[in-house]
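Written below as structure tokens is the structure these notes are about.
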Amino acid sequence: MDDLTGLKTTPLTAWHRAHGAKMVPYAGYEMPVQYEGVLAEHAAVREHVGLFDITHMGEIFVDGPGAEAWLDGLVTNRVTGGALGKVVYTAMCKDDGGVLDDMLIYRLGAERWLVVCNAANHDKIAAWMKKRVPAAGVAMDDRSDATALIAVQGPDSRELLGRLARLANLHADIAALDFYTAFTCPGATGEWIVSRTGYTGEHGYELYLPNADALAVWEELVARGADLGVAPIGLAARDTLRFEVCYCLYGHELGEDTTPLEAGIGWAVKLKKDAFTGVAALRAQQAAGVPRKLMALEVTGRGIARQDARVLYQGRDVGYVTSGTFSPTLKKPLALALVETGVPAGDVMIDIRGKGVEARTTAFPFLSARVKGDPRAERTLA
Amino acid sequence: MVPADRKYTQEHEWIQVDGGTGTVGVTEFAAHELGDIVFVELPAVGSTWAQGDAVGTIESVKAVADLYLPVSGEIVAVNDAVTGSPELLNSDSFGGGWLVKVKLSAPAELDALLDAAAYNELLGG
């Protein structure tokens, strides 16, 4: 059993324990890794709707007349000029272009912003920002320990979210929320942020709440979603869900020794921006040619390729698996790998615990996301 | 309570002996701890192994576990139903989820394995 002593908890930890979750240490928190089972939870999100406690994520609010320009200089994507409620996915890089973290940045007001970072990187990012915050014109307010985050994901997520009593008068606002936009509204004990974002590839929402509001909202969603097949979802299924739609996970596809160009999130890097930390290194890498690229692989031999398994092309070690598992939706072993750019599409081998197993490159993503448009659209499968 | 008609290992395998041949599987506890099992690899029929050898692999969505042979001997059968439908290990680990049959080369090894009561104790009760 995992030692869970001394870990941070969320307002929902007791609920998870009481409802049969297997709890594990994750980024300094005691978090549910699964309840009923990863396959059933995965299917619940793909077919109906699932609830995730992702309170461990970091929430850093940034305020002031200098906030917009300052944030824009810290990250690779463009945050300036966005409309109120716009959400931007971006990387924050070091000077050498290595990724400190990937994150969401929300425009909550003319001069008010929210930075949402990974739990495992929260302390690093908070310190990185604090060290660089200007003496005047920008104020940082790290509310990670006071903010709960509940994700409602799946084709029935809009229906379920609309059943929350507190959102009863906001159905038009929910319906009008485009992918990667958000609105704020008054909650029971403080402000809520309703965000059309997620990490599953399904139509979904993320709900930022004061800690004190979280348990009542979670229990209301569970109760009001019974006829929709709502299920609580653990971190294991969160990982398989994001993996199938090829969303990057820090510590796997992303890290301080990987650039966003290599990891396939070059679309979130605006090299034409005036200046941001890492821009010189990233421009140089782009000009010289990116040395590694993320590849999607299907294991055609027998075995499941896991993180760090080596990838071989014509007998030569050309890279490593960043994420690999058995895809619950496609029912086959798949992997993402960082490999040398020169490796062509086609057959490769993966060293799975000392045994060479055949694999071949396949198209991105393994499973098409349904985050826009019809939440039950026919899928494109790799 | 686990079935009393077989013996157990510290690594959560079971073996049920009939004549000179033992049927080997993993316990319900082991299958449950692994979670949803999605891949099983078993040794070749005819291969011979020593007690404690890792002869196969059992993988769930999240984890990989080795199958250790509880006794020395020759593999005389493998359960193709399980390699085709690994979820059998989660639903029927003590029955239809058996993994291999082994012809015992040193039957005395059985004496050192756990009986059902001792295995229950290992599970904490």
Side-chain angles (χ1 to χ4, degrees), chain A residues 1-2 20-24 26 31-46 233-244 249 252 299-309 321 323-335 350-355 357, chain B residues 10-12 26-45 47 49 52-69 75 78-93 97 99-100 119-125:
Chain A
M1 298 296 271
D2 293 305
K22 183 174 177 182
M23 305 298 285
V24 297
Y26 185 81
M31 297 301 289
V33 67
Q34 69 164 52
Y35 304 81
E36 183 186 357
V38 58
L39 296 178
E41 292 165 36
H42 184 104
V45 175
R46 289 274 180 255
I233 313 297
L235 291 176
R238 181 167 161 84
D239 187 33
T240 53
L241 288 159
R242 72 90 198 169
F243 171 77
E244 286 182 338
L249 175 56
H252 290 255
V299 180
T300 47
R302 281 191 49 79
I304 299 175
R306 308 279 181 176
Q307 183 176 23
D308 294 333
V321 170
S323 295
T325 189
F326 181 87
S327 159
T329 306
L330 293 133
K331 306 211 184 322
K332 54 189 178 187
L334 302 170
I350 303 178
D351 182 337
I352 300 181
R353 293 184 297 282
K355 206 169 71 178
V357 176
Chain B
Q10 305 270 354
E11 287 78 33
H12 308 285
V26 298
T27 66
E28 199 173 280
F29 172 83
H32 182 76
E33 280 299 294
L34 273 169
D36 289 322
I37 293 165
V38 292
F39 180 80
V40 176
E41 183 151 56
L42 298 175
V45 171
S47 58
W49 305 86
D53 279 352
V55 298
T57 310
I58 301 166
E59 301 199 38
S60 66
V61 176
K62 288 298 272 186
V64 185
D66 285 319
L67 169 66
Y68 299 105
L69 204 61
I75 304 297
V78 297
N79 188 354
D80 292 328
V82 150
T83 45
S85 304
E87 63 273 16
L88 265 176
L89 269 179
N90 291 110
S91 61
D92 193 14
S93 59
L99 296 169
V100 300
Y119 181 67
N120 261 321
E121 203 165 304
L122 179 75
L123 296 183

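The model shown is predicted, which means the values in this text are computed figures rather than measured ones. Chain naming here is simple, since letters A, B, ... match the order of the sequence lines and numbering starts at 1 in each.
When all heavy atoms of B/V40 and A/R302 are compared, the closest pair comes out as O-NH2, 2.6 Å. Across all their heavy atoms, A/V38 and B/D36 have their closest contact at N-OD2, 3.1 Å. Residues B/V61 and A/F326 come closest through the heavy atom pair CG1-O, 4.5 Å.
Of the two parts of B/T57, only the side chain, counted from C-beta on, holds a non-hydrogen atom closer than 4.5 Å to a non-hydrogen atom of chain A.
The distance from atom CD1 of A/I352 to atom CD of B/E41, rounded to the nearest 0.5 Å, is 9.0 Å.
By number of non-hydrogen pairs under 4.5 angstrom with chain B, the leading residue of A/T325, A/V33, A/T240, A/I304 is A/I304. Most heavy-atom pairs under 4.5 Å with chain B, from the set A/K22, A/H42, A/R306, A/R353: that is A/R306.
Using a 4.5 Å cut-off between non-hydrogen atoms, the part of residues 80-92 of chain B that approaches chain A consists of B/T83.
The environment of CD in B/E59 is crowded: more than 12 heavy-atom neighbours from other residues, nucleotides or ligands sit within 6.0 Å.
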